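Quick caveat: nothing in here was measured; it's all calculated off a predicted structure.
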Amino acid sequence: MIVCALVLRGADRSQSTPYIHLYEINIMSFVFQAEVRSDLGKGASRRLRHADQVPAIVYGAGKEAQSITVDHKKFILAQEKPEFYESVLTLVINGEEVNVKVKAIQRHPVRYKLVHLDFVRV
């Protein structure tokens, strides 16, 4: 979605009329598919990471915490944008849309990989 902002400024020194600036502001919406995971623990998380998935957890809003998995490649691309950290994300967990914000990201110390994600419900 693109929103246009109109800004009126004072008169320019070379002109006697005020000048107008139009700014385009990109408002990005992030929607990700997620699956509930039943296998918990270190071994299960390692198998997920080898399968190019990232273990994550969704908690907050007075509901029980839910362990999920998300696609690693999509999150690596999305987390490069500053809007990823500031905006509300939508996770589609087994067909149900959940609005969340990123609370914590654990990254591998050497490789360019995500290890774990924490989301808080909004």
Side-chain angles (χ1 to χ4, degrees):
M1 175 190 320
I2 296 178
V3 177
C4 291
L6 178 68
V7 179
L8 288 170
R9 300 275 173 120
D12 193 4
R13 291 181 183 166
S14 63
Q15 299 175 349
S16 60
T17 59
Y19 58 95
I20 299 172
H21 287 286
L22 280 176
Y23 295 101
E24 285 187 3
I25 304 168
N26 262 338
I27 299 175
M28 302 190 74
S29 62
F30 295 96
V31 179
F32 300 101
Q33 296 292 325
E35 296 178 11
V36 176
R37 63 183 176 121
S38 56
D39 291 340
L40 303 176
K42 186 194 301 189
S45 295
R46 285 182 178 179
R47 285 189 293 277
L48 285 173
R49 290 185 195 106
H50 285 293
D52 211 23
Q53 296 287 315
V54 180
I57 190 162
V58 179
Y59 55 86
K63 296 182 182 177
E64 192 172 322
Q66 191 173 25
S67 296
I68 60 171
T69 61
V70 293
D71 185 41
H72 184 268
K73 290 179 185 176
K74 291 181 181 177
F75 273 88
I76 279 290
L77 293 175
Q79 62 101 28
E80 293 175 350
K81 299 176 178 70
E83 295 88 6
F84 176 77
Y85 301 97
E86 300 164 359
S87 63
V88 175
L89 314 176
T90 303
L91 293 177
V92 180
I93 305 171
N94 293 342
E96 178 187 350
E97 290 188 358
V98 180
N99 292 329
V100 297
K101 288 192 92 165
V102 176
K103 187 68 172 180
I105 297 178
Q106 295 175 15
R107 293 178 174 87
H108 192 276
V110 177
R111 298 184 208 140
Y112 190 63
K113 289 225 171 219
L114 301 176
V115 176
H116 192 270
L117 296 164
D118 287 9
F119 299 105
V120 63
R121 290 183 185 98
V122 180

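- For the pairing with Leu40, the side-chain contact (heavy atoms from CB on, under 4.5 Å) check across Ser45, Ser67, Pro55 returns one residue only, Ser67.
- Residue Gln53 holds its CD atom at 5.5 Å from CG of Asp71, rounded to the nearest 0.5 Å.
- Under a hydrophobic-cluster definition in which Ile, Leu, Val, Met, Phe, Trp and Tyr are linked whenever side-chain heavy atoms come within less than 4.5 Å, directly or via other members, Leu89 and Val92 are assigned to different clusters.
- Expressed to the nearest 0.5 Å, how far CD of Gln79 lies from CZ of Phe30 amounts to 10.5 Å.
- Other members of the cluster containing Val120 are Ile57, Tyr59, with ILVMFWY side chains joined at under 4.5 Å, either directly or via other members.
- Follow the hydrophobic side-chain contacts under 4.5 Å out from Val122 and you never reach Val31; the two are in separate clusters.
- The line from NZ of Lys113 to NE2 of His108 is 9.5 Å long, rounded to the nearest 0.5 Å.
- At distances below 3.5 Å, at least one donor-acceptor pair connects side-chain atoms of His72 with backbone N or O atoms of Leu114.
- Other residues, nucleotides and ligands contribute over 12 non-hydrogen atoms within 6.0 Å of the CZ atom of Arg107.
- Taking Gln33 as the reference, nothing meets the side chain to side chain donor-acceptor pair (under 3.5 Å) condition, with sequence neighbours excluded.
- Of all heavy-atom pairs between Lys73 and Asp52, the closest is CE-OD2, 3.0 Å.
- Heavy atoms from other residues, nucleotides or ligands lying under 6.0 Å from CD of Glu97 number 12 at most.
- When all heavy atoms are compared, the tightest approach of Ile93 to Val58 is CD1-CG2, 4.3 Å.
- Rounded to the nearest 0.5 angstrom, Glu86 CD and Lys81 NZ are separated by 13.5 Å.
- Ring orientation note: the planes of Phe32 and Phe75 are close to parallel, at an angle under 30° on the 30°/60° scale.
- Cluster annotation: Val115 is not connected to Ile68 through the hydrophobic network of ILVMFWY side chains, with a link wherever side-chain heavy atoms come within less than 4.5 Å.
- Heavy atoms only, all atoms of each residue included: Ala78 and Phe84 are closest at O-CB, 3.2 Å.
- Expressed to the nearest 0.5 Å, how far CD of Gln66 lies from CG of Asn94 amounts to 7.5 Å.
- The hydrophobic cluster containing Val70 does not contain Leu77, counting ILVMFWY residues as joined when their side-chain heavy atoms lie under 4.5 angstrom apart, directly or transitively.
- Distance CD/Glu35 to CG/Leu48: 9.5 Å, rounded to 0.5 Å.
- For the pair Ala61 and Arg121, the tightest heavy-atom approach, listed with the atom from each and the gap, is CB-CB, 3.8 Å.
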